[in-house]
Amino acid sequence: MGWSALSAHLYVCNMKGLCNEPITAQIDVINHKDVIAGDTLNKPLSPEQAASPGNLIIYFAFDKSEFSSDAETDKYFEKSNAYLNQNSQARLGITGYTDAFGSDEYNQALGYRRAQSLQHYFESKGMPASKVIIESRGEKEPAENNNTSAGRANNRRTVITIKK
């Protein structure tokens, strides 16, 4: 007999005195692992789903691929690592870009080295290599026009994103 049936029976029979026959009820044993302990109003019962951290853009000096972490990239690592740990099919995509100075081949290789420098950073912080995908677009797909120094500076970048 379920709890609601038992409580209805007790109310009708014992409180109102409308039943004359005895009742037999089996009470289930409660496993202590099934009991919710603690404050469930302020804390969720299951871990909160990590939000996708969005994109991070890292800019580079002319003809350079060296990367030094800062608070923003450390924070992005924490968020992206948490998201990837909860989403087994997701991957961290790192794409390297360059400005238009230099040959296509050189810029393709430079964009790849820029992506690799971020890959090494994420892996050194503990992200599994199997979760990181790198590529280079070289001077293809510029963010801005390469005719100005500001435009070229904004094209020397890596874009880090979550691929679902």
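What you see below is based on every heavy atom in this structure, not just the backbone, and it leaves out hydrogens, waters and symmetry mates.
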Exercise. Are Q108 and E139 close enough, and set up right, to give a side chain to side chain contact (heavy atoms under 4.5 Å, CB included), and what steps lead you there?
Worked result: CA-CA 7 Å; Q108 190 69 22; E139 61 189 68; over 6 Å; no
Exercise. Quick one: do V159 and Y83 end up in the same hydrophobic cluster if we chain Ile, Leu, Val, Met, Phe, Trp and Tyr together by side-chain heavy atoms under 4.5 Å apart?
Worked result: no
For this session: Heavy atoms only: give me the nearest K131-N87 pair and the separation to one decimal.
Result: NZ-O, 3.6 Å
Exercise. Is the closest side-chain heavy-atom distance between V132 and I94 below 4.5 Å?
Worked result: yes
Exercise. Taking all atoms of both residues into account, what is the closest heavy-atom pair of L118 and T158, and its distance?
Worked result: CD2-OG1, 3.7 Å
Exercise. Would Y97 and N154 count as having a side-chain donor-acceptor pair, cut-off 3.5 Å?
Worked result: no
Problem set entry | Joint cluster assignment, I162 & I134, ILVMFWY side-chain distance < 4.5 Å | yes
Exercise. Would D63 and Y106 count as having a side-chain donor-acceptor pair, cut-off 3.5 Å?
Worked result: yes
For this session: Evaluate the side-chain proximity of S80 to F122: yes if any heavy-atom separation is below 4.5 Å, no if none is.
Result: yes
Problem set entry | Check against side-chain hydrogen bond (donor to acceptor under 3.5 Å, both in side chains), D70 and Y76 | CA-CA 10 Å; D70 58 14; Y76 188 87; over 6 Å; no
Exercise. Can you find a pair of side-chain heavy atoms, one from S65 and one from L110, that are under 4.5 Å apart?
Worked result: yes
For this session: Considering only NZ, NE, NH1 and NH2 on the basic side and carboxylate oxygens on the acidic side, decide whether R137 and E135 come within less than 4.0 Å.
Result: yes
For this session: Just jot down the ring pair (Phe, Tyr, Trp, His ring centres under 6.0 Å) partners of F77, sequence neighbours excluded, or say none.
Result: none
Problem set entry | Minimum-distance pair of heavy atoms, taken over all atoms of K64 and R114 | O-NE, 2.7 Å
